[in-house]
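Presented below is the structure to which this report refers.
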2 protein chains.
Amino acid sequence: MKQTYFTAGPAELYPTIYQHLQTAMDEQIGSISHRSAKFRSLYQFCVEQLRQLLTIPESHGIYFTGSASEVWERIMLNCVEHESFHLINGSFSKKFCEYATAVHKYTHKQEKPFGEGFDYGEVQVPEYAELIAVTHNETSSGVQMRTVDIHKLKRSNSKKLIAVDMVSSAPFPDLDFSLIDTAFFSVQKAFGMPAGLGVWIAGDKCLEKAELLKHGDQHIGAHHNLPTLWKNFQNYETPATPNVLFIYLLGKIAQDFNRIGIETIRKETEEKARMLYKFIESHPEFSPFVKEERHRSRTVVVANTQKPSADVISKAKEAGLVVGSGYGQFKETQIRIANFPATNTEQISQLIDVLGRV
Amino acid sequence: MKQTYFTAGPAELYPTIYQHLQTAMDEQIGSISHRSAKFRSLYQFCVEQLRQLLTIPESHGIYFTGSASEVWERIMLNCVEHESFHLINGSFSKKFCEYATAVHKYTHKQEKPFGEGFDYGEVQVPEYAELIAVTHNETSSGVQMRTVDIHKLKRSNSKKLIAVDMVSSAPFPDLDFSLIDTAFFSVQKAFGMPAGLGVWIAGDKCLEKAELLKHGDQHIGAHHNLPTLWKNFQNYETPATPNVLFIYLLGKIAQDFNRIGIETIRKETEEKARMLYKFIESHPEFSPFVKEERHRSRTVVVANTQKPSADVISKAKEAGLVVGSGYGQFKETQIRIANFPATNTEQISQLIDVLGRV
């Protein structure tokens, strides 16, 4: 039986992906050279669709990696000489920070308990931090940071770079890329694609920094460093053979999103999130893990369960609906429900209906 | 019109890939969690098939990256503290060396003119080099190094690590992995898959070195460093979300290869290579670029053309056959023909027939 995945990524595939994949195979996209005009036009198409979808200015390049985790490392190598500052409120923001330590950067941290989020007013940015690392959506705890707070953080620290992990929320957050120096996401979350492609958006300030660091004591990496990516990007090429097929698919999905309109997608996401939170707030079996409404993720909803989460998950699975368990120590007491464009209002209703009868 | 790709990668897709992709979509492989039992068994299956195909012992882990270029960098970070030694006879062996320099290793080089290969007897390994970097098959020039020579090189330098780039030849070379410390390839060459997955085979000596370097002055990378890959590999997991779909496909293709038998695949490759070299040696329009028979690649055949290569390429294309141009400065005077398992004897005959009438 075909199941519907409400997991936080890999997730339900976007419904149009099957047709796009078929077209790609018919057109032999898997065989074309990454140095061909066909590839360049395919990369360009993807970039144009993403620029439209997320309002990304020309000052920012759009690059491809194997995963978003790879981008964590690349940002630290290319945009930080000595010190970075991390807002940590879950496992992935913590991992971003650990990557920085692992590549020998000095890391400053401000931490919150699991399930709590940050407001602009409480953030204290250390003087010597060169870059502020923010996780827009914590996939582990279901906490989001409001984009207005992220924008304020950059405005009041204009000399520092700001990096936004939007892995499990893009294209939902309405980030203002005239303020955001760099951001990144993976395609297996809200874009509804199979995993295997990271997308790295990086502006001219990041490139300037990388050009500077290139001649310093620490290297900026050989593979996928920003100056090399940027140089190739001028011709819509990549330094190494990329995942051509997935770049093609991403362009097509982004086009599908643009046809619907980003405002509609955001509204539908808000509406489905409202349905889910309303349900878990009112049903005795569930309660929302994130207490503050303004910090609740619209794309990954985390609910405490009265019963062991495994029981809830297996009941849902019997109905063909796959929801995720809680993360780490919350594995047995929480469920996580992805709210991505691939699942529509009716499917969310069906999930609520099934969970309501658990 | 569907074309047949004789390009050196991305290349012709292996004929069974369409069915495997269909099965993967039916089974929703694109949506399964990379922390699920289903993924672990899929990773394990792929590893078992590759172990059988390439005779890889249990001392060696099999890891996945975004590309083989990524592996160049990871080997330098994880297996070299100060000095590496590179046999350079083309653009990709040169690039491997440039990656080493870019991550601040001191590189020793022995170079050959484009189109010439190395024999064991002439290689002079510098005393302080920690690792010998060998390119089994130079995709740019169509030169191979005999595996017997690679094995001798390791035997006479047993304290040093040896790294073999088999990007555009695996599974053809009969490397003895009891001698080879690390090797790597990409799936878009002889495995006939779309690009987007690098395969990194690394033995216990590499892991030991990485564990040692981990505590040194230079970092070993945060993303895809060997100790983290190895730790996850113990449970057939990956540190970050990998390209699950392509790992599935690789396992299936490797299984198809095993059913045919690696000896048969190698014999067919030899036979098809013989046909191609015989043709370009005898036809007045063509001549083999690599003069020494023992250095001629069995998987990427490079031919000088009398006419501008663009004319030859476009004539072949009219017949639905795609061959590559020469690399770099040889773009206009050479063609490159991939000889991978995805194209059979009849297709090679057809290509020879068409080229013969140019």
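Heavy-atom basis, side chains included; hydrogens, waters and symmetry copies ignored. In what follows, chains carry the letters A, B, and so on, assigned in the order in which the sequence lines appear, proteins first and then strands, with residues in each chain numbered from 1. Here the structure is a predicted model, which means the values were calculated and not measured.
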Step through the shown structure and confirm whether more than 12 heavy atoms of other residues, nucleotides or ligands are within 6.0 Å of [atom1] on [X].
| X | atom1 | value |
| --- | --- | --- |
| B:Glu332 | CD | no |
| A:Lys38 | NZ | yes |
| A:Tyr106 | OH | no |

Which atoms form the tightest heavy-atom contact between [X] and [Y], and what is the distance?
| X | Y | answer |
| --- | --- | --- |
| A:Gly30 | B:Pro10 | O-CB, 3.7 Å |
| A:Ser67 | B:His223 | OG-CE1, 3.4 Å |
| A:Gly9 | B:His34 | O-CE1, 4.4 Å |
| B:Gln28 | A:Glu12 | NE2-OE1, 4.3 Å |
| B:Ala222 | A:Ala102 | CB-CB, 3.7 Å |

Any heavy-atom pair between the side chains of [Y] and [X] that's under 4.5 Å?
| X | Y | result |
| --- | --- | --- |
| A:Met25 | B:Leu13 | yes |
| A:Gln218 | B:His104 | no |
| A:Ser69 | B:Thr241 | no |
| B:Leu77 | A:His219 | yes |

Under a 4.5 Å heavy-atom cutoff, which of A:Ala68, A:Pro239, A:Pro194 has the most pairs with chain B?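 When all of A:Ala68, A:Pro239, A:Pro194 are compared, A:Pro194 has the most.
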Heavy-atom contact with chain A under 4.5 Å, split by part of [X]:
| X | result |
| --- | --- |
| B:Gln3 | both |
| B:Tyr99 | both |
| B:Lys2 | both |
| B:Asp217 | backbone |

I need the residue from B:Thr7, B:Thr65, B:Leu21 with the largest number of non-hydrogen atom pairs under 4.5 Å to chain A.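 Greatest number of close heavy-atom pairs with chain A: B:Leu21.
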Taking B:Ala100, B:Ala342, B:Pro242, B:Gly66 one by one, which has the highest count of heavy-atom pairs under 4.5 Å against chain A?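 Most heavy-atom pairs under 4.5 Å with chain A: B:Pro242.
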Check whether any side-chain N or O of A:Ser31 sits under 3.5 Å from a backbone N or O of B:Ala11 as a donor-acceptor pair, and report yes or no. yes
Segment of A:Ile29 engaging chain B (4.5 angstrom heavy-atom cut-off): neither
Any salt bridge linking B:Arg74 with A:Glu73? Criterion: basic side-chain nitrogen under 4.0 Å from a carboxylate oxygen. yes
CZ/A:Phe246 to CG/B:Leu245 distance, rounded to the nearest 0.5 angstrom?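 Atom-to-atom, A:Phe246:CZ and B:Leu245:CG are 5.0 Å apart.
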